[in-house]
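Have a look at the structure below before the remarks.
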Amino acid sequence: MSAARPIVDRLPRRLLVVLLILVALLALYPAYGPLLFPAKHGFLLQRLTGIMIVAVMAMSLDLLVGVAGLVSLGHAAFFGLGGYMLALLSPAYEGANLWLALPLTVLGVAAAAVVVGFLSIRTSGIYFIMVTLAFGQMGYYFFNDSRVAGGSDGAYIYVKPTVELFGKTLIDLDDKLTFYYVALGVLVGTYLLLRMLLASPFGRVVRAIGVNEHRVRGLGFNPVLYKLVAFTIGGSLAGLSGFLAATQYGFVNPAMLSWHQSGQVLVMVILGGMGTLFGPALGAFILEFARLGFESITDHYLLLMGGLIIGVVLVLPRGVGGWLLTVTEHRPADPDQEAP
Amino acid sequence: MDLWILLIQVLNGVQYGLLLFLVASGLTLIFGIMGIINLAHGSFYMLGAYLAYWLAASTGSLTLSVLLSLPIAAAVGYVIEALLVRTLYRRDHLDQVLLTYGLILIFNEAQRMLWGNDVHSVTIPPVLAWSLKLSDTLSYPVYRLFLSAVCGLLAIAMYFVITRTRFGMWVRAGAANRDMVAALGINVKLLFGVVFAVGAALAGLAGALSSPVSSVYPGMGDSVLIICFVVVVIGGVGSIKGAFLGALLIGLADTFGKVFMPNFASFVVYGVMAAVLLWKPRGLFA
Amino acid sequence: MTTPNTAAAAPTLSEDAAAVVLETRGLTRNFGGLVAVNAVSLRFLSGQTHAVIGPNGAGKSTLVNLLTGHLPVTRGEILFKGRTITNLPAHRVSQLGIGRSYQKTNIFPAFSCFENCRLAAQSRLSTSMRFVRPALAYHTVNEKAQAALEACGLARHRDRAAGTISYGEQRQLEIGMVLATDPQLLVLDEPLAGMGVEESEMLIGLLKRLASRYTVILVEHDMDAVFSLADVLTVMVNGTVLESGPVDMVRASQAVQDAYLGDGEEAY
């Protein structure tokens with residue numbers, strides 16, 4: 001992973017404008033959606049919610065792949081674990097208490113990520129990819145083959161988690177529109193959180209590790225520690241994403257943990273532009289929209305998906321995000337980037 | 001456990017392992033020499049199986065169709081290398097992953113368009129469609145023995161090619177040190193093209209040969225791909241010897257896992273891999 | 001022109017325990033059957049510039065890697081200020097105050113020159129496990145980075161990507177990064193490697209300034225540079241120490257003349 005990825009502390013203004021417009025389009029969708037797509041509005045609202053949740057996972061994977069240079073092919077394990085935690089924490093016929101279920105889920109997934117990370121970080125390169133794949137598949141088969149939460153059939157979450165304060169319902173997650181905004185909030189929040197992390201001393205070390213781990217150690221940092229913390233943060237955010245997905249669909253199954261899921265999200269990250277954070281989120285939207293569009297044209301939409309992916313690789317070496325950064329930058333070598 | 005049953009399981013495990021080796025050897029060489037993580041490698045396995053099924057149905061001879069599927073898979077591999085993969089040698093590994101992921105989608109969809117979603121079975125040629133009687137109640141299908149024998153012979157042939165021929169020397173040089181290939185004045189383009197095509201052909205052959213045993217179904221390439229990556233990584237990337245031992249290890253682990261822990265067989269395979277990598281982070285023979 | 005450093009006379013080479021910064025005792029490193037560094041026992045004194053020279057394959061780079069924790073030791077001991085640091089990992093060695101530069105330029109090309117130094121300076125925070133405040137808001141770190149950048153003569157390239165400055169400047173940055181880590185001892189691994197004549201002169205000037213402020217271990221091929229910089233000279237051949245002592249003494253040594261200096265210079 002030697003691709004030179006500069007530190008982008010501040011996005012180019014024009015790019016910022018583009019991103020803000022996109023967020024505004026999402027935020028206003030419930031207003032214009034029914035007018036533009038009267039027949040499909042409800043369906044699209046759900047799909048958008050789902051995409052935003054996956055985008056959170058894509059950004060969390062970007063922290064590992066694009067920033068720390070840890071190419072994980074087992075990231076879906078944490079996504080799925082987050083979902084299963086909610087399923088297991090939900091009483092049979094009532095909603096789980098979000099104030100309890102969410103922290104427990106994130107902590108549980110974080111604990112799993114610490115263990116998996118501790119064991120995997122000893123390896124590097126393709127070996128790291130494969131070890132994370134192995135742990136992911138072990139997670140998959142654990143839920144698939146055991147009787148925990150329905151085995152291969154998966155499990156239903158009949159009642160969504162409740163968000164109450166002093167006995168009053170604060171947020172009704174069962175309401176599709178409310179949940180849409182919750183997902184949007186988490187998407188934007190995750191982006192800002194990761195931006196903050198990347199700008200922090202911690203983030204600078206992790207980014208340097210992604211470029212040249214050896215040199216970072218020579219400077220006096222213990223890379224193992226930083227990689228482990230990054231891995232844990234990424235895993236926890238994937239768990240949060242899985243928690244939301246389980247809430248949305250009211251259902252969890254082992255496929256959530258499978259390598260297919262990991263692979264798809266990895267594609268979002270690479271196609272979207274590794275290390276740019278906003279890119280992988282865009283990647284999620286691009287891939288899912290492309291799928292929606294192609295599905296409506298032909299049964300054989302995978303052919304078009306494959307073609308799209310290959311086309312992007314050939315044409316945009318740094319992914320969509322990298323391309324956007326280049327075209328919106330004022331001038332290629334503008335020295336007034338980092339203010340003192 | 002009955003001794004005969006044990007023997008049968010060992011034979012099954014070895015047969016599965018040898019088959020995995022055919023696919024994994026190409027995968028490990030392509031990564032070792034070209035530095036390409038070829039996710040589309042499993043698609044050649046699927047291609048071989050479907051070609052065998054399709055050609056056997058139209059020509060009536062499985063032998064002929066297996067022999068035909070070999071050059072076809074090689075040709076498809078060569079063309080893909082020349083048209084697409086070649087443009088990415090200087091790029092990040094992950095770009096290649098993405099490209100070959102796109103190829104998987106196209107292969108899978110092309111398969112659906114050409115041959116549909118059904119599961120097909122392929123008939124064993126009459127010469128091999130009988131069983132060896134082991135005891136009063138147990139017997140072993142001859143086709144599986146034949147399969148092991150073919151794969152075993154190929155493994156031996158590969159060993160000779162790699163250790164005794166000039167081409168094999170290039171391959172060894174490339175797997176040991178990628179930069180050395182160019183330094184030795186070898187025609188790198190040709191070497192890469194041939195390695196990719198041979199890898200594709202071996203994977204295709206494995207698919208064609210195994211079609212009567214495992215049936216032919218959509219997505220069959222994906223599961224083989226993942227298990228072959230496991231094999232490659234256990235053996236150490238770029239090592240043929242490692243791929244061979246890794247394949248046998250996984251073949252046996254999977255077979256016996258299914259016998260002793262029917263509910264957690266797949267768990268066993270990945271557990272073995274995790275254990276090996278925690279013990280030797282770069283595989284057994286890197 | 002080779003003008004031996006007359007200032008070398010300043011420390012009288014009385015090896016008080018207090019003045020010994022770094023010491024190796026029987027330091028040995030094997031690679032398979034090859035003994036790259038063989039029973040090397042050396043003392044590096046405070047304030048001095050101690051050069052290690054020797055032909056290719058003499059074990060100089062291995063020695064640097066052993067001293068800085070980049071390679072595990074096969075046998076022997078390394079003491080830093082009297083305490084053993086044998087087989088400490090590289091990051092711990094760095095934290096103790098041993099800063100090293102690399103023979104092969106080892107910078108972060110996509111980062112600005114300032115960020116390269118800033119990251120190095122950041123390593124001296126008690127911990128970098130800080131997640132909220134932006135890294136650029138740590139002013140002491142910024143100041144240290146700026147000072148290092150100025151010390152290595154790259155202030156004018158502050159915001160340029162390190163990969164876009166000239167090779168010689170990258171070598172300077174390499175040293176700037178070491179300086180930003182507040183080292184007590186500098187271990188410089190062939191700082192002049194691959195540089196042109198003009199670039200070399202620049203860097204030798206920089207090294208002279210460093211030599212007057214720091215304890216330096218200098219591994220170098222360039223003899224002129226070594227003689228103009230070093231107080232103490234160690235000659236290594238085949239992993240062992242052939243001769244070690246004040247520069248003039250070592251230069252005069254017949255063994256060194258025979259084995260190395262006499263006929264070796266044109267080989268470089």
Quiz item: If you tally heavy-atom pairs under 4.5 Å against chain A, which of A137(C), G163(C), S123(C) wins?
Solution: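 Ranked by contacts with chain A, first place is S123(C).
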Exercise. Could you tell me which of R160(C), M129(C), H70(C) has the largest number of non-hydrogen atom pairs under 4.5 Å with chain A?
Key: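 Going by pairs under 4.5 Å, I would pick M129(C).
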[X] portion near chain C, given a 4.5 angstrom heavy-atom threshold:
X	answer
V216(A)	both
V229(A)	side chain
L193(A)	neither

Could you state the interatomic distance from [atom1] ([X]) to [atom2] ([Y]), rounded to the nearest 0.5 Å?
X	Y	atom1	atom2	result
S94(C)	N222(A)	OG	CG	11.5 Å
F202(A)	Q122(C)	CZ	CD	11.0 Å
L219(A)	C117(C)	CG	SG	10.0 Å
R204(A)	R118(C)	CZ	CZ	5.0 Å

Under 4.5 Å heavy-atom distance to chain A, tell me which part of [X] shows up: side chain, backbone, both or neither.
X	answer
R100(C)	backbone
H139(C)	neither
R124(C)	side chain
T181(C)	side chain
A120(C)	both

Practice problem: Output, in order, the C-alpha distance, side-chain angles, deciding distance and verdict of side chain to side chain contact (heavy atoms under 4.5 Å, CB included) for E174(C) and R215(A). | Solution: CA-CA 11 Å; E174(C) 177 83 39; R215(A) 186 66 175 111; 3.4 Å; yes
[atom1]/[X]: more than 12 non-hydrogen atoms of other groups inside 6.0 Å:
X	atom1	value
R213(C)	CZ	no
F118(A)	CZ	no
R92(C)	CZ	no
R13(A)	CZ	no

So which atom in [X] and which in [Y] form the shortest heavy-atom distance, rounded to 0.1 Å?
X	Y	value
L119(C)	F221(A)	O-CZ, 3.4 Å
F131(C)	I233(A)	CE2-CD1, 4.3 Å
S200(A)	V132(C)	CB-N, 4.1 Å
A208(A)	F108(C)	O-CE2, 3.4 Å
Y102(C)	G218(A)	OH-CA, 3.5 Å
R133(C)	P201(A)	O-CD, 3.3 Å

